[in-house]
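All remarks here apply to the structure that follows.
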Amino acid sequence: MTKPLIGVTSGDRIFFQTDYFEGIRVSYTLSTITNAVIAAGGLPVNIPIHNKDLSHHYLEQLDGLVLSGGTDVSPHLYGETVQPKIDRTDPQRDEREIALIEAAFDKGLPILGICRGFQLVNVMLGGSLYQDLSYREGTFIQHNQLSNSDIPVHSINVNPDSHFASLTPDKTTVNSYHHQAIKDLSPELTRSAWADDGVIEAAEAINDKYDFIGVQYHPESLADEYPVHRALFEDFVERIRKK
Ligand code: MN
């Protein structure tokens, strides 16, 4: 059986800097994501932050898209100016990923959004973000965990009517590596899971117009050890195979 080709978006950063070199830039994708895609039966390929004119060429070959975590989404994309606690942003990455995601949605490709990837799609589809969780009333969970990423730290409440619920039981525990969160959820998305303090932890498209599931946590870091978190990737590959 042919394995579906799954693009995984990458970060771009200086990897190496000494007195002798200006610094070498690397395009990187987390091995935890590519490993989880491979374990689910997919064939992952890293998509660098590319010239946006190349998006359609990528999409001619890809069967699915995983949007990885990374820098904060630029607040101007949801009509705000930068607040004091915003972290690093990368407008070029935003612009080029948006072109890629639009092309993928046009083609009807299944998309799995992780952390920043989830937030970016929410913003693209008309939603907004808290630039830092300290700006949100009523947050009482530590969402930016200090423990290793393979340790689940808080539980989630799951909407029983969601597709997500068929993969992830209510009260599943997840890891938490985010200082931002969804503020206004896009009208194209519905809440699939939330933490006890109400922070949105997963959402999915309200209808077939977009084949999208987004999660605020990092299932890729838990997929190796916990079948429940592997299920998200298995479902993703399954959705691709059904197309
Ligand atoms: Mn969280």
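Residue numbers count from 1 along this sequence. Any value given below was found using the heavy atoms of this structure, including those in side chains, with hydrogens, waters and symmetry copies removed. Read the numbers this way: they start at 1 and go in the same order the structure lists the ligands and their atoms.
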* Partner residues of Asp63 under the side-chain hydrogen bond (donor to acceptor under 3.5 Å, both in side chains) criterion, sequence neighbours left out -> none
* Asked: Closest to the Mn ion (ligand 1), which N/O/S atom of Glu201 is it?
  -> OE2
* To do: Tell me, please, if Gln216 has any N/O/S atom, main chain or side chain, under 2.8 Å from the Mn ion (ligand 1)?
  => no
* To do: Please assess Ile182 against Val199 for the test side-chain contact (heavy atoms from CB on, under 4.5 Å), listing each intermediate value before the final yes or no.
  => CA-CA 7 Å; Ile182 305 295; Val199 166; over 6 Å; no
* Asked: So, Asp12 and Arg93, do they make that salt bridge, N to O below 4.0 Å?
  -> no
* Taking the Mn ion (ligand 1) as the vertex, measure the angle between atom OG in Ser176 and atom NE2 in His178; round to 10°. => 90°
* Please name the atom of His143, restricted to N, O or S, that is closest to the Mn ion (ligand 1). => ND1
* With the Mn ion (ligand 1) as the point of reference, which N/O/S atom of His154 is the closest? -> NE2
* **Salt-bridge criterion met for Arg116 and Asp90 (N-O under 4.0 Å)** => no
* Asked: Between Arg230 and Asp224, does at least one N-O distance fall below 4.0 Å, as a salt bridge requires?
  -> no
